[in-house]
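Report on one structure; see the data block that follows.
Here the structure is a predicted model, which means the values were calculated and not measured.
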Amino acid sequence: MCCPSCGTATGKVHGYHRRRVADRRVNGLPVMIELRLRRLVCINLDCARQTFNEQVPGLAGRYGRRTPGATALVIACALALAGRAGASLLATIGFLLSRTSVLSALMALPEPPPDVPAAIGVDDFAIKRGQRYATIIIDAVTHRCLDVLPDRLGVTFAHWLRQHPGVQLICRDRSTAYAAGARNGAPQAVQCADRWHLLKNLSQAIEKLALAHRGCFRDIATGQGRDDGPTVRRTRSRHATIHALLGQGVANNEIARRLNLALNTVKKYARAPRVEQLIGGTKRDTTLVDPFRDHLRSRRAAEPGVAVWTLLKEIKSMGYQGGSTLLYRYLDQGRAEDAQPPPSPRRVAIWIMTDPAYLSPGRAVRLQEVLDGCLQLKQATEHVRTFADLLTQRQGHRLDDWINEVRASDLQPLRSFAEGLLIDHDAVVAGLTLPYSNGPTEGVVNKIIMWNQICQPESSYRSSAGAAGVSPVGL
């Protein structure tokens with residue numbers, strides 16, 4: 001035997017001792033193996049270990065009370081049934097163990113080597129909103145959770161990638177931290193930008209463009225713009241006053257004190273060069289009668305006493321699918337005579353971002369009226385639909401041509417979006433070409449939020465992906 005500390009071979013016996021190890025039953029009878037083992041003396045005088053016990057490989061390990069075969073049986077039951085149920089099953093076959101002993105045998109197993117897939121997805125979620133965040137990493141194919149990192153820093157993600165080599169593809173959102181972490185931790189991996197976040201960023205650019213051109217939203221029949229009610233008049237007056245004071249060099253704090261306004265309100269007005277950017281359109285729900293509003297208005301103007309039932313028959317023949325109650329309410333509210341309020345910039349952005357096949361006839365008409373009145377919005381709509389084709393048809397090779405067309409236009413928000421794509425060019429091309437996405441990772445984050453809301457209703461788990469903005473509907 002060799003000394004376990006210095007490896008010196010020795011045969012000098014210090015004494016003997018007995019060990020008893022349990023084995024699997026034979027024909028229903030318990031089996032106990034009794035061993036008479038030597039305690040040996042290390043002959044190396046420089047070794048700190050003076051004596052050591054003789055071991056029997058394959059029969060009894062150090063401090064073991066069962067043979068490897070019996071231990072394998074206990075571990076198999078522990079893996080399948082855990083503690084209490086595993087102990088009950090082992091008792092029927094002759095091993096009287098407590099649930100704690102079963103779990104101890106299970107916990108003594110070495111951790112299996114990490115099985116890192118070739119494609120992973122990464123995203124962050126809030127542990128305490130606005131203060132503490134974590135990172136979730138999943139298998140992009142099986143959607144199995146691989147690990148949770150304690151923060152959302154790129155350095156932490158890069159360290160994880162170095163410890164788990166073999167990753168070939170990383171699905172992520174537009175986060176620059178994860179992009180830098182992927183470059184540093186796995187430079188060989190292909191980064192794949194999420195398509196939903198690309199559409200979200202595009203919808204934000206379209207909303208900014210619609211906000212800048214909201215003065216083009218006019219009713220085709222009357223040429224009128226937004227309502228000029230008391231709220232609008234107050235907004236116009238306040239905007240003129242604040243900008244007049246700013247022209248005199250008055251600071252925002254002093255303006256807020258003079259006008260008795262909140263500082264954030266003054267800053268909001270100061271950031272808007274035109275008052276139209278602060279005026280919202282009248283909010284009215286779209287109804288089935290809206291496509292026939294022009295016909296109703298012209299008929300009631302030509303024949304003021306026309307019966308509602310007559311109008312109902314006429315628009316029924318034109319394709320109206322609603323009932324008489326809806327038509328009565330529509331006419332009682334005066335919506336047939338009133339000028340149709342222009343849509344809000346966000347509403348126009350939603351219409352532009354929606355697949356034309358999913359737009360109702362009324363909304364399609366309203367959108368076409370807006371586009372006919374604004375050439376830049378019409379050009380932006382063409383660019384959006386071209387980008388949607390790139391995304392849905394997986395034509396990432398056409399991205400450079402689309403970016404060049406947008407950069408050649410005078411649509412500043414879209415140009416900023418296109419230039420942002422150039423910064424993350426390779427990941428965007430991969431996202432528009434490969435079938436992978438970050439949707440499964442977002443699904444795991446939503447499960448975490450749901451579980452926490454069930455267990456702790458007052459907690460503040462929240463996905464950082466759910467930022468406010470126009471949802472890219474229908475593409």
Candidate pair F157 and I170, rule side-chain contact (heavy atoms from CB on, under 4.5 Å), full reasoning: CA-CA 11 Å; F157 182 50; I170 302 173; 4.1 Å; yes

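- Within the structure, salt bridge (Lys or Arg N to Asp or Glu O under 4.0 Å) pairs that include any residue of residues 253-272 comprise E254-R257, E254-R258 (at least two apart or interchain).
- A donor-acceptor contact closer than 3.5 angstrom links the side chains of H159 and Q163.
- Scanning for side chain to side chain contact (heavy atoms under 4.5 Å, CB included) contacts around A380 gives I206, L209, L411, L414, with sequence neighbours left out.
- Atoms OH and SG, from Y436 and C192 in turn, are 9.0 Å apart once rounded to the nearest 0.5 Å.
- Side chains of L259 and T265 form no contact here, defined as non-hydrogen atoms less than 4.5 Å apart.
- Put simply, OH on Y178 and CG on L161 are 11.5 Å apart, with the number rounded to the nearest 0.5 Å.
- Defined by atom type and a distance below 3.5 Å, a donor-acceptor pair is present between the side-chain atoms of D372 and Q368.
- In this structure, W351 and T381 have side chains that are not in contact, with every pair of non-hydrogen atoms separated by 4.5 Å or more.
- S88 places a side-chain N or O within 3.5 Å of a backbone atom of R84 that can act as its donor or acceptor partner.
- Scanning for side chain to side chain contact (heavy atoms under 4.5 Å, CB included) contacts around D400 gives H425, with sequence neighbours left out.
- Between A205 and P413 the shortest heavy-atom distance is O-CB, 3.3 Å.
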What pairs of donor and acceptor atoms, side-chain ones from residues 101-110 against any protein atom, are under 3.5 angstrom apart with sequence neighbours left out?
{"residue": "S101", "atom": "OG", "partner": "S98", "partner atom": "OG", "Å": "3.1"}
{"residue": "S104", "atom": "OG", "partner": "T100", "partner atom": "O", "Å": "2.8"}

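- Taking the side chain to side chain contact (heavy atoms under 4.5 Å, CB included) definition, one finds that L89 meets it with C77, L81, T92, sequence neighbours left out.
- Atoms CG and OG1, on D151 and T135 in that order, are 6.0 Å from each other to the nearest 0.5 Å.
- With hydrogens and angles ignored, the 3.5 Å screen pairs a side-chain donor or acceptor of N438 with a backbone N or O of V122.
- Between H243 and H239, the ring planes are tilted. Angles from 30° to 60° get that label.
- A donor-acceptor pair under 3.5 Å links the side-chain atoms of R394 to the main chain of L391, judged by distance alone.
- Taking 4.5 Å as the limit, some side-chain heavy atom of R162 sits within range of a side-chain heavy atom of N184.
- Legend: residues meeting salt bridge (Lys or Arg N to Asp or Glu O under 4.0 Å) with D424, ordered by chain and number and at least two apart, are R172, R174.
- The side-chain hydrogen bond (donor to acceptor under 3.5 Å, both in side chains) search around H143 returns none, not counting sequence neighbours.
- Counting heavy atoms from C-beta on, the side chains of D355 and T392 never come closer than 4.5 Å.
- Annotation: side-chain hydrogen bond (donor to acceptor under 3.5 Å, both in side chains) contacts of Y330 (sequence neighbours excluded): D290.
- Using a 4.5 Å heavy-atom cutoff, the side chains of T176 and I423 are not in contact.
- Side-chain contact between K208 and S416: absent, with no pair of heavy atoms (C-beta onward) separated by less than 4.5 Å.
- Q376 has its side chain out of reach of Q412: every pair of non-hydrogen atoms, C-beta onward, lies at least 4.5 Å apart.
- For residues 312-328, the pairs satisfying salt bridge (Lys or Arg N to Asp or Glu O under 4.0 Å) are R299-E314, with sequence neighbours left out.
- Taking the six-membered ring where tryptophan is involved, the planes of F387 and W402 are tilted, since the angle between them lies from 30° to 60°.
- By the side chain to side chain contact (heavy atoms under 4.5 Å, CB included) test, I136 is found to be paired with D123, F125, I138, C145, V148, T441, V444, V445, I448, residues two or more places apart in sequence or in another chain being considered.
- For R347, there are no side-chain hydrogen bond (donor to acceptor under 3.5 Å, both in side chains) partners two or more places apart in sequence or in a different chain.
- Using modelled atom types, one side-chain atom of R195 and one backbone atom of G431 make a donor-acceptor pair closer than 3.5 Å.
- Atoms CG and NE2, on D173 and H197 in that order, are 4.5 Å from each other to the nearest 0.5 Å.
- No side-chain heavy atom of R329 sits under 4.5 Å from any side-chain heavy atom of T287.
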Only pairs under 3.5 Å count here: list side-chain donor-acceptor contacts from residues 246-253, not counting sequence neighbours, and write none if there are none.
none

